[in-house]
Amino acid sequence: MIFKFIKGLYFVVNIAIILALLLLHFVIKDSTYEWSLIFYPFPLPVIIGIVVGLSIFLGKWRKYNLIVAGILLVIWLVGSFRFTFAEPITEKDLEVVFWNTSREHHFEDAVEQYGSFPDVMVLAEASDTDFTRLQALYPQYHFYKSKLELSVFSKHPMTVISDNISKYHTSVVHFETSGIHFYAVDVMGSKDVPRHWELDFVDEQIGFGERTMVLGDFNLPYESLFFREIKTHFNHWFSSKGNGFRETWPWGLPLLSLDHIWVSKDLEILDSKKINSLESDHEMIKTVIKR
């Protein structure tokens with residue numbers, strides 16, 4: 001009798017946990033600061049793992065958890081996985097790369113990781129401190145070190161328009177090169193700072209016009225409610241033309257999409273890739289724009 005009661009109670013707790021996680025992921029999300037602290041650690045792959053794990057002790061009811069896990073797996077794959085073909089790329093088209101180096105690497109490491117010099121490269125948390133040395137080594141190229149932890153490289157002449165920092169150290173660098181306005185972003189990732197404060201700051205800095213790209217470490221998953229404004233005006237680099245899983249963190253595991261490139265809808269995305277590596281907990285991301 002007691003054993004049956006425990007089994008029944010476990011089944012009820014199992015249902016309650018699954019319903020709570022589904023409500024959190026699909027409805028509540030990061031609608032408040034308090035909910036965001038729970039939402040971010042439980043991306044869909046983690047929820048699928050929890051549902052499967054709970055099924056171990058369900059006995060004859062196990063199949064229902066596995067059905068739910070299967071449905072969630074399909075939803076995740078449809079939303080995250082892409083298989084597309086690159087459009088023809090010419091030398092005049094623009095290669096744009098972003099990488100959060102996790103404070104372990106510098107510009108030349110990033111070039112080696114990428115395999116060549118892209119047209120535009122933005123690094124977050126790079127260890128370079130001597131940009132005078134870089135400029136002397138590569139006088140034909142253009143470099144900019146932000147007030148905080150963003151580093152910008154361009155093959156072509158570059159104009160830095162603004163370099164602004166929020167009260168809580170989110171950084172946005174606005175620069176122009178090759179006739180395109182870029183906004184390099186590094187959003188504060190501290191749990192003590194509500195993300196919506198920092199995304200409001202980012203939105204205030206961005207010019208939501210044509211020929212514009214926004215790229216960086218947003219410390220926010222693609223599913224976040226705070227991307228609503230950006231999604232209205234821009235296409236996502238990977239959702240539009242990527243291959244494989246969209247997620248960029250951590251260490252190559254497809255858990256969270258924290259690094260993004262957003263492209264204004266008048267620009268054509270020809271190809272998008274993640275460059276896999278264990279050199280940083282963030283993957284390097286790249287897109288090519290028709291010019």
Side-chain angles (χ1 to χ4, degrees), residues 45 74-101 105 107 109-124 141 152-156 158 175-185 209-218 221-223 227 230-280 282-291:
V74 171
I75 292 172
W76 176 55
L77 290 175
V78 169
S80 174
F81 191 83
R82 291 290 181 273
F83 180 76
T84 60
F85 293 99
E87 302 297 330
I89 296 171
T90 66
E91 287 206 6
K92 71 176 185 178
D93 296 322
L94 202 70
E95 290 179 85
V96 179
V97 172
F98 172 78
W99 191 31
N100 183 324
T101 72
H105 302 283
F107 171 74
D109 293 331
V111 171
E112 182 179 356
Q113 174 77 13
Y114 183 63
S116 64
F117 288 88
D119 293 288
V120 175
M121 176 179 279
V122 174
L123 304 178
Y141 297 144
V152 180
F153 159 82
S154 176
K155 272 187 178 179
H156 313 287
M158 172 177 62
F175 63 97
E176 187 272 334
T177 184
S178 303
I180 295 176
H181 285 270
F182 290 85
Y183 294 86
V185 174
E210 296 184 342
R211 300 193 66 76
T212 298
M213 297 181 67
V214 184
L215 70 164
D217 178 4
F218 289 79
Y222 179 83
E223 299 82 4
F227 279 134
I230 286 178
K231 286 179 179 178
T232 299
H233 294 90
F234 296 96
N235 290 323
H236 189 259
W237 69 289
F238 200 83
S239 298
S240 300
K241 210 67 180 175
N243 280 287
F245 290 100
R246 180 181 59 214
E247 290 79 8
T248 63
W249 184 90
W251 302 107
L253 298 174
L255 291 183
L256 289 170
S257 303
L258 301 183
D259 309 278
H260 306 275
I261 303 174
W262 303 93
V263 181
S264 61
K265 295 181 178 180
D266 61 300
L267 296 175
E268 183 182 355
I269 301 174
L270 300 177
D271 188 28
S272 293
K273 289 181 180 176
K274 294 190 302 181
I275 291 88
N276 300 317
S277 171
L278 297 178
E279 296 297 320
S280 167
H282 292 256
E283 293 198 74
M284 180 181 284
I285 61 177
K286 162 220 175 165
T287 195
V288 181
I289 304 301
K290 187 174 182 61
R291 189 168 51 153

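A donor-acceptor pair under 3.5 Å is absent between the side-chain atoms of Asp217 and the main chain of Asp259, judged by distance alone. Under the 3.5 Å distance criterion, the side-chain polar atoms of Glu112 are left unmatched by any main-chain donor or acceptor of Gly115. Checked by atom type and distance alone, the side chain of Asp119 pairs as donor or acceptor with a backbone atom of Glu95 at under 3.5 Å. Judged purely by atom type and a 3.5 angstrom limit, Ser272 has no side-chain atom pairing as donor or acceptor with the backbone of Thr287. With hydrogens and angles ignored, the 3.5 Å screen pairs a side-chain donor or acceptor of Lys155 with a backbone N or O of Phe117. Under the 3.5 Å distance criterion, the side-chain polar atoms of Asn243 are matched with a main-chain donor or acceptor of Thr84.
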Could you walk me through whether Ile285 and Ile261 pass side chain to side chain contact (heavy atoms under 4.5 Å, CB included), step by step? CA-CA 8 Å; Ile285 61 177; Ile261 303 174; 3.7 Å; yes
Before you tell me yes or no, could you show the steps for Lys290 and Leu270 under side chain to side chain contact (heavy atoms under 4.5 Å, CB included), namely the whole-Å CA-CA distance, both residues' side-chain angles and the distance that decides it to 0.1 Å? CA-CA 6 Å; Lys290 187 174 182 61; Leu270 300 177; 3.9 Å; yes
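Annotation: the span from Arg211 atom CZ to Ile180 atom CD1 amounts to 5.0 Å, rounded to 0.5 Å. For the atom pair Lys274 NZ and Lys286 NZ, the distance stands at 14.5 Å (nearest 0.5 Å). Atom OG1 of Thr248 sits about 6.5 Å away from atom NE2 of His260, to the nearest 0.5 Å. Atom CG of Asp271 sits about 12.0 Å away from atom OG of Ser240, to the nearest 0.5 Å. Distance check, rounded to the nearest 0.5 Å: OH of Tyr183 to OG1 of Thr212 gives 6.0 Å. Rounded to the nearest 0.5 angstrom, Met213 CE and Ile289 CD1 are separated by 4.0 Å.
When side chains are defined from C-beta on, Lys241 counts as touching Glu87, because their heavy atoms get closer than 4.5 Å. With contacts defined as side-chain heavy-atom distances shorter than 4.5 Å, the pair Tyr222/Ser239 qualifies. Under the 4.5 Å side-chain criterion, counting only non-hydrogen atoms from C-beta, Phe218 is in contact with Ile230. Arg246 is listed as a side-chain neighbour of His236, based on a closest heavy-atom distance under 4.5 Å. The closest side-chain heavy-atom distance from Met158 to Phe182 is not below 4.5 Å. For the pair His282 and Phe98, the minimum side-chain heavy-atom distance is 4.5 Å or more. At a threshold of 4.5 Å between non-hydrogen side-chain atoms, the residues Met284 and Ser277 do not count as touching. At least one side-chain heavy atom of Asn276 sits under 4.5 Å from a side-chain heavy atom of Glu283.
Residues Ser280 and Asn100 come closest through the heavy atom pair OG-O, 2.6 Å. In terms of heavy atoms, Pro250 sits closest to Leu255 at CD-CD1, 3.7 Å. Taking both residues in full, the closest heavy atoms of Pro45 and Pro254 are given as CG-O, 3.5 Å, listed atom of the first, atom of the second, then distance. The shortest heavy-atom contact between Ser80 and Phe245 is OG-CD2, 3.6 Å. Nearest heavy atoms, Ala110 versus Leu123: CB-CD2, 3.7 Å. Phe153 and Pro118 get closest at one heavy-atom pair: CE2-O, 3.1 Å.
When each of Phe227, Trp237, Phe238, Phe234 is tested with Trp262 by the rule ring-ring contact (aromatic ring centres under 6.0 Å, His included), just one qualifies, namely Phe227.
In this view, Arg82 satisfies the side chain to side chain donor-acceptor pair (under 3.5 Å) rule with no residue, not counting sequence neighbours.
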